[in-house]
Amino acid sequence: MTDITATAATPPDVLRCAYAELIVSDLAESRAFYVGVLGLVVTYEDDEAIYLRAFEEYLHHSLIIRKGPVPALAVLAYRVRSPRELDVAVEYYTQLGVRVERRAAGATRGIGEAVRIEDPLGFPIEFFYDAEHVERFTQRYDVHGAGAISRLDHFNVVTPDVPAAVKYYEGLNFRVSEDIEDAEKTVYAAWMFRKPTVHDVALTGGDGPRMHHIAFATHERSQILHLCDHLGAIRQSDKIERGPGRHGVSNAFYLYLLDPDGHRIEIYTHDYYTGDPDNPTITWDVHDNQRRDWWGTPVVPSWYTNASTVLDLDGVPRGVEQRTDAREDAVTIGADGFSYTRIDDEPAGFKLGSQL
Ligand SMILES: O=S(=O)(O)c1ccc(O)c(O)c1
Ligand SMILES: [Fe+2]
């Protein structure tokens, strides 16, 4: 991995996670999921790609699904505070010694000038400011539906060395809101933010670079429950991978869905404000059975193992580096069957024993 301490240059001023582009194998099938089930608004579509946004969003899109040969993540894009931050980004990443490309306005429909990089963790990342404004459907309750999704909330990426990834994102002035570690100080995951919520990006320890999930926020738990009922009604309950439930980390109510290519999409609500300078970091014990689900519901094994391929800036799928630190699904023995509920109990209150 590129030595991220190689520059004292000023980092770009990132506002928030802003959009993702996913490559999908069947555009019509994916449209049925993202529009037919999730209810995302189509800003523009053609035979190659569909540009989608959630109801509170007024930029052109927060998700692009594009037809392609290999289901993969094509880019994760962050919005910066002003157009001049693009020059700052070029200088910062040039000094870091990673691949940097300027993109003209319109290279991505609806997006102005942008800078794309292959970041030190191996991910295709874009920084932009200018974008086309479109109708904001905040109060278009006539089109919302019972499962209305409000906005993009965060990216979750799989990377082998979480402390190194945290250090890279701290270099971009992201702060850690929560993390998971053990008594030996192995770090299994970290959640980092620029907007004043729990995260814009989460770093999940594992073989990477791979994309773990893209998350959208709703305002109410009932909207998440409706999405579950909707999938049941169309006999597609197998698209529900994990949840619904209440996270320990972030305190959010959550649901994980798998799109037709297996890209993981989280629907999430009720995390908390992190905007004050002294926002305290919460550190969880990897053996705490309530860390990933506040009710102690086990994490399904696929949630730990499966993630999406990422592309380089030429659209070529990237290989992955193996994680060398301990793996969470190894130290919690399967899917949390042997994590404690009450650390002081003797024996600690395991929930499921060896059922999983
Ligand atoms: O499963 S965790 O409680 O650690 C969790 C917390 C927040 C998230 O966005 C997430 O994907 C997973
Ligand atoms: Fe998430």
Side-chain angles (χ1 to χ4, degrees), residues 16-17 20 22 38 54 62-63 73 76 149-159 162 165-166 169 174-182 186-206 208 210-218 221 224 227 240-259 263-274 279 281-308 327-329 331-332 334-336 339 341 351:
R16 62 180 175 88
C17 60
L22 296 177
L38 297 190
S62 57
L63 178 66
L73 170 73
L76 295 175
I149 290 175
S150 308
R151 56 178 175 77
L152 176 76
D153 187 79
H154 62 267
F155 305 139
N156 185 310
V157 297
V158 185
T159 187
V162 176
V166 168
Y169 269 100
F174 283 63
R175 287 187 285 151
V176 176
S177 55
E178 303 200 29
D179 58 16
I180 299 177
E181 61 180 48
D182 65 14
T186 297
V187 183
Y188 294 86
W191 286 258
M192 301 185 77
F193 64 97
R194 284 290 290 166
K195 71 180 181 316
T197 66
V198 167
H199 54 321
D200 289 280
V201 65
L203 306 156
T204 300
R210 292 183 296 157
M211 181 203 80
H212 192 273
H213 63 266
I214 307 293
F216 288 91
T218 63
R221 284 165 286 182
I224 292 178
L227 293 172
I240 299 173
E241 181 201 33
R242 177 184 168 209
R246 164 80 66 192
H247 282 317
V249 172
S250 82
N251 190 45
F253 192 82
Y254 70 88
L255 171 69
Y256 291 95
L257 303 177
L258 300 174
D259 86 349
H263 295 310
R264 184 178 290 109
I265 303 295
E266 182 182 16
I267 316 296
Y268 169 103
T269 191
H270 279 266
D271 70 352
Y272 56 87
Y273 169 75
T274 59
N279 185 75
T281 298
I282 300 171
T283 294
W284 293 78
D285 175 350
V286 74
H287 296 290
D288 182 340
N289 201 36
Q290 296 187 200
R291 72 194 183 287
R292 289 208 178 265
D293 185 282
W294 188 238
W295 307 330
T297 304
V299 176
V300 295
S302 60
W303 193 90
Y304 281 121
T305 54
N306 299 353
S308 300
R327 292 164 183 268
E328 185 169 344
D329 56 351
V331 301
T332 54
D336 294 297
S339 301
T341 302
K351 183 153 187 170

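Not measured: the values here are computed from a predicted model. For the numbers below, each heavy atom of this structure counts, side chains included, while hydrogens, waters and symmetry mates do not. One-based numbering, in listed order, for ligands and for the atoms of each.
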- Testing L203, D200, L76 for side chain to side chain contact (heavy atoms under 4.5 Å, CB included) with F155, which one passes?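 Result: among L203, D200, L76, L76 is the only option passing the side chain to side chain contact (heavy atoms under 4.5 Å, CB included) with F155.
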
The protein residues that pass the under-4.0 Å heavy-atom test against ligand 1 are H154, W191, H199, H213, R242, H247, G248, V249, S250, Y256, E266, Y268, R291, R292

By ring pair (Phe, Tyr, Trp, His ring centres under 6.0 Å), Y254 pairs with (sequence neighbours left out) H247, Y256

Vertex the Fe ion (ligand 2): angle to OE1 of E266 and NE2 of H213, to 10°?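 It comes to 90°.
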
Taking the side chain as everything from C-beta on, heavy atoms only, tell me whether H154 gets closer than 4.5 Å to W191.
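Counting from C-beta outward, H154 and W191 never come under 4.5 Å.
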
Check: Between N156 and T204, is any side-chain donor less than 3.5 angstrom from a side-chain acceptor?
Finding: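 Judged by distance alone, the side chains do pair up.
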
Exercise. Answer with yes or no whether the side chains of E178 and W284 bring together a donor and an acceptor at under 3.5 Å.
Key: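 The answer is yes; a qualifying pair exists.
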
- Query: Is there an N/O/S atom in H154 at a distance below 2.8 Å from the Fe ion (ligand 2)?
  - Reply: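 Checking H154: at least one N, O or S atom is under 2.8 Å.
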
Note to self: Looking at every non-hydrogen atom in both residues, tell me the closest pair between S177 and V198 and how far apart they are.
What the structure shows: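 For S177 versus V198, the nearest heavy atoms are OG-O, 2.6 Å.
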
Measure across H212 and N306 and return the closest heavy-atom pair with its distance rounded to 0.1 Å.
->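 It is CD2-O, 4.1 Å.
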
